[in-house]
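Presented below is the structure to which this report refers.
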Amino acid sequence: MDAGGIFGKTFLFGTCSNDSCSSKTVCVCEREREREREMADRFFPNEMPEFVAETTVTGGTTRDSLTKLLSLPYKTFSDKLKTSALDLKETVVRETWRLSGKRVQDYTLYTGALGTAYLVFNAYQVTKNENDLKLCSDIVKACDSASKDSGRVTFICGRAGVCALGAVIAKHSGDERLQDRYLRKFKEIRFPSDLPNELLYGRAGFLWACSFLNKHIGKDTISTIRMRAVVDEIIKSGKQLAGKGRCPLMYEWHGKKYWGAAHGLAGIMHVLMDMELKPDEVEDVKGTLRYMIKSRYPTGNYPSSEGSESDRLVHWCHGAPGVTLTLVKAAEVFGDKEFLQAAVDAGEVVWKRGLLKRVGICHGISGNAYVFLSLYRLTGKVEYLYRAKAFASFLSDRAQKLISERKMHGGDRPYSLFEGIGGMAYLFLDMGEPSEARFPAYEI
């Protein structure tokens, strides 16, 4: 999401000291003068040990509560998180569904009711509670009605997500008629003429929905021909904007050449790697990723957009976390050691600067924890599982207190999947089977 729109909170940064500035929040001149302070203000210093051995000993008073969590045997730890996750899920459902009178205004997966349904579906996959499946179906039905004339076509922020999740839930419920109805609605989705290429609102976001259906319903549920037409548009657009530049593919969203997962190169390349690409297109994807690796900051972090010199953002949406997930994907798909090494390097940035003062999936600690789960899945190294455990432990131990003290932001939509505690609950559920964990609506 837009990097500036939700960070300008007066309680986080204070007000501008420039008397000529009328802004009620921190203005550009203040930010430029105090860049280093601001960068540090975005995250908590990571003072957790590089590794804590697991122990079955629970007594003693010398260890703080966070260290005790880190030292729990993994099964005990994940069971504890599961209990917390199911409690959080009930809170999310109450606040976003029941208290609204089961009416939907924001239907999106990002900040709306579909995100609640996605969380409930994840809970169903863990517990096999049929009540969750029924609840999920009810929420999606309301989202279907609310999204009908939205004109948006993606999984995270559009109608494709509603229809795709609806079809998958119907399959789990054994309702073939409902499944076919959602699939028919999905196939009726038409693109507006000014559709961008990025993940949240554009062509890549529609393609991700296609991959989701083909994984959960069956191969060729959405035909290769349908997806190929969209891939052709993405490749054509990327080459046109790149011209004869050093990067084979380039894209714009709202006039900026973004690099991140939400609106830019990382997200688009991530989706393209799930498609059937021609040999020259494979090389274009590889070349684009190599361009990004060569152009990263000296710190190892990645720019939010082409030419940006502001090394501030370590989020899924902008910066190293989203890029790491895409580089892990590249290492899996292509087998190139350079992508593995680049993913490892970017993961170090997330470990050092990824304890964000936010709780969510998009730009918070919950989302950043998935970097280590992804690296663990790729490498099998226990150090990455420990790091995911550490980020989850930090959330479990301190998030509620820090939010209440206004030292941590609970999200503009505090119960949502991508901004709020819905994302934390999703992560806690995923920690039970770390090898199967996937960043929601990004890793397929």
Side-chain angles (χ1 to χ4, degrees), residues 43-55 65-85 88 119 122 125-126 261 300 314-316 319-329 331-332 340 343-356 358-399 417-418 421-444:
F43 61 91
F44 299 103
N46 188 352
E47 298 173 347
M48 291 182 288
E50 286 291 331
F51 189 77
V52 174
E54 295 181 354
T55 176
S65 55
L66 179 56
T67 304
K68 288 179 180 178
L69 271 179
L70 291 173
S71 62
L72 285 176
Y74 195 87
K75 180 65 167 62
T76 305
F77 169 77
S78 61
D79 285 347
K80 183 180 181 69
L81 287 193
K82 177 182 173 182
T83 299
S84 296
L88 286 169
L119 169 61
N122 196 21
Q125 291 177 298
V126 171
V314 184
H315 312 160
W316 169 76
V323 176
T324 307
L325 298 177
T326 296
L327 291 171
V328 166
K329 179 81 170 182
E332 290 172 339
L340 168 59
V344 168
D345 293 343
E348 291 301 312
V349 177
V350 182
W351 176 246
K352 293 173 184 175
R353 292 167 55 187
L355 282 177
L356 303 177
R358 297 196 168 237
V359 72
I361 287 282
C362 182
H363 33 263
I365 297 174
S366 298
N368 286 357
Y370 279 94
V371 166
F372 307 119
L373 290 171
S374 189
L375 285 166
Y376 173 66
R377 188 176 69 245
L378 176 66
T379 67
K381 292 184 177 180
V382 70
E383 67 186 81
Y384 293 120
L385 181 58
Y386 166 77
R387 289 184 173 189
K389 181 182 180 183
F391 272 40
S393 294
F394 187 95
L395 286 168
S396 177
D397 185 65
R398 301 183 179 181
L417 182 66
F418 266 64
I421 63 169
M424 185 167 71
Y426 199 100
L427 169 68
F428 286 1
L429 286 169
D430 272 0
M431 292 297 293
E433 295 288 345
S435 296
E436 300 300 318
R438 300 292 188 275
F439 190 105
Y442 194 61
E443 294 183 296
I444 196 72

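We're numbering straight along the sequence, starting at 1.
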Going by side-chain contact (heavy atoms from CB on, under 4.5 Å), M424 matches just one of L417, L395, L429. Which one?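 So the option named by the test is L395.
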
Taking the side chain as everything from C-beta on, heavy atoms only, tell me whether [X] gets closer than 4.5 Å to [Y].
X	Y	value
D430	V126	no
R438	I444	no
V359	I365	no
D345	L327	no
S366	Y426	no
S78	Y74	yes

Could you tell me whether the side chain of S374 and the main chain of V371 form a donor-acceptor pair under 3.5 Å?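 Such a contact is absent between S374 side chain and V371 backbone.
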
Going by the rule salt bridge (charged side-chain N to carboxylate O under 4.0 Å, His left out), which residues pair with R377 if we only count those two or more places apart in sequence or in a different chain?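 Partners of R377 by the salt bridge (charged side-chain N to carboxylate O under 4.0 Å, His left out) criterion, ordered by chain and then number, come out as E332, E443.
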
Test of understanding: with salt bridge (charged side-chain N to carboxylate O under 4.0 Å, His left out), list the residues that count as partners of E50, not counting sequence neighbours.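 Partners of E50 under the salt bridge (charged side-chain N to carboxylate O under 4.0 Å, His left out) test: R387.
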
Of all heavy-atom pairs between [X] and [Y], which one has the smallest distance, and what is that distance?
X	Y	result
F372	G347	CE2-O, 3.6 Å
A320	A346	CB-O, 4.0 Å
N368	G354	ND2-O, 3.0 Å
V349	G300	CG2-C, 3.5 Å
Y386	V52	CE1-N, 3.4 Å
T324	A343	CG2-O, 3.5 Å

Evaluate ring pair (Phe, Tyr, Trp, His ring centres under 6.0 Å) for Y370 paired with W316, printing each intermediate quantity in order. CA-CA 9 Å; Y370 279 94; W316 169 76; over 10 Å; no

Quick check for you: to the nearest 0.5 Å, what is the distance between [X] atom [atom1] and [Y] atom [atom2]?
X	Y	atom1	atom2	value
S84	I421	OG	CD1	11.5 Å
S393	L81	OG	CG	6.5 Å
L70	T55	CG	OG1	13.0 Å
L72	T67	CG	OG1	11.0 Å
R398	L66	CZ	CG	4.5 Å
R353	H315	CZ	NE2	9.5 Å

Not counting sequence neighbours, which residues clear side chain to side chain contact (heavy atoms under 4.5 Å, CB included) with N46? List them please.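 With neighbours one apart ignored, the set is M48, W351, L355, F391.
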
Flag the pair E383 and K389 as a salt bridge only when some basic side-chain nitrogen lies within less than 4.0 angstrom of an acidic carboxylate oxygen.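 No, this pair does not count.
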
Do F44 and F394 have ring centres separated by under 6.0 Å?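 So the answer is yes for these two rings.
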
Parallel, tilted or perpendicular: ring planes of Y442 versus F439, cut at 30 and 60 degrees: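 Perpendicular, since the angle between the ring planes exceeds 60°.
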
